[in-house]
Enquirer: 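Here it is, the structure, as structure tokens.
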Amino acid sequence: MASEKITKFVEDIKTLSVLELSELVDAIQEEFGVTAAIAAAPAAGGAAAGAAAKTEFDVVLASFGDAKMAVIKVAKEVLGLGLKEAKEVVESAPKAIKEGVSEAEANELKAKFEEAGATIEIK
């Protein structure tokens, strides 16, 4: 845990107004020659690394093509929807039909929908 000195400092900060907090940040930046942008830079690098190792994908119905009924049937089967709900999903294209799925599942869904005549994007 944090030392007593740090704990007291945190408690003192909690009592400051927003204006006082802003002044404190400015004073710390001036005293130590740091900025908030420097602290945020490592976080941005971490986000870029996380994007490179993407494990979850979104399957987006871009278009139902010429075979609307076939695509509705696939949507009904794959998504476990009733006919009316599946029709609404298909007609609202472009629309994400499944989000946060594995690459294998995304490719499987893409194949099923494309076989029925739809245009699918994996993001």
Side-chain angles (χ1 to χ4, degrees):
M1 277 304 272
S3 69
E4 186 177 319
K5 186 176 183 179
I6 300 298
T7 304
K8 181 178 180 336
F9 183 67
V10 170
E11 291 302 316
D12 289 343
I13 289 175
K14 287 181 183 179
T15 64
L16 298 177
S17 69
V18 175
L19 181 59
E20 291 170 328
L21 282 171
S22 176
E23 291 173 0
L24 174 63
V25 168
D26 291 342
I28 290 172
Q29 288 176 346
E30 186 176 317
E31 179 69 27
F32 298 106
V34 295
T35 64
I38 293 171
K54 188 171 182 178
T55 59
E56 293 185 345
F57 299 86
D58 297 340
V59 180
V60 178
L61 174 64
S63 166
F64 53 78
D66 295 330
K68 182 176 173 181
M69 285 306 299
V71 175
I72 291 172
K73 287 179 183 178
V74 171
K76 183 177 181 278
E77 171 196 334
V78 170
L79 302 175
L81 300 173
L83 183 60
K84 180 181 177 186
E85 292 82 9
K87 181 178 182 265
E88 289 172 359
V89 167
V90 170
E91 289 178 341
S92 65
K95 178 177 178 65
I97 52 174
K98 275 227 174 165
E99 297 177 334
V101 297
S102 69
E103 184 176 11
E105 184 178 355
N107 288 329
E108 181 182 325
L109 289 170
K110 180 178 181 179
K112 285 183 180 182
F113 276 95
E114 286 182 344
E115 185 178 320
T119 304
I120 296 291
E121 297 174 359
I122 297 178
K123 296 183 178 185

Enquirer: Does anything in residues 19-35 pair up under salt bridge (charged side-chain N to carboxylate O under 4.0 Å, His left out), and if so which pairs, sequence neighbours excluded?
Expert: none
Enquirer: Indicate every side-chain donor-acceptor pair of residues 114-123 with a distance under 3.5 Å to a residue at least two apart or in another chain.
Expert:
none

Enquirer: Pairs in or reaching into residues 91-100: which pass salt bridge (charged side-chain N to carboxylate O under 4.0 Å, His left out), with residues at least two apart or in two chains?
Expert: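 Those involving residues 91-100 are Lys68-Glu91, Lys87-Glu91, Lys98-Glu105.
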Enquirer: Can you hop from Ile13 to Val25 via hydrophobic side chains spaced under 4.5 Å?
Expert: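 In one cluster: no.
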Enquirer: Between Ser102 and Phe57, which heavy-atom pair has the shortest distance, and what is it?
Expert: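 So the minimum-distance heavy-atom pair works out to C-CD1, 4.0 Å.
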Enquirer: Can you list the residues that meet the salt bridge (charged side-chain N to carboxylate O under 4.0 Å, His left out) rule with Lys84, with sequence neighbours excluded?
Expert: none
Enquirer: If you link I, L, V, M, F, W and Y whenever their side-chain heavy atoms are under 4.5 Å apart, who else ends up in the same group as Leu19?
Expert: none
Enquirer: Got a sec, which hydrophobics cluster with Val10, joining ILVMFWY side chains under 4.5 Å apart, including via others?
Expert: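 Ile6, all in the cluster of Val10.
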Enquirer: Determine, using the 4.5 Å side-chain heavy-atom cutoff (strictly less than), whether Val89 and Val60 are members of one ILVMFWY cluster.
Expert: no
Enquirer: If you define the side chain from C-beta out and look only at heavy atoms, does anything of Leu109 sit under 4.5 Å from Ile97?
Expert: no
Enquirer: Not counting sequence neighbours, which residues clear salt bridge (charged side-chain N to carboxylate O under 4.0 Å, His left out) with Glu88? List them please.
Expert: none
Enquirer: Output side-chain donor-acceptor pairs under 3.5 Å for residues 69-78, partner residues at least two apart or in another chain, one line each.
Expert:
none

Enquirer: At what distance, to the nearest 0.5 angstrom, does CD of Glu108 lie from CD of Glu103?
Expert: 13.0 Å
Enquirer: Taking only residues two or more places apart in sequence or in another chain, which ones pass salt bridge (charged side-chain N to carboxylate O under 4.0 Å, His left out) with Asp12?
Expert: Lys8
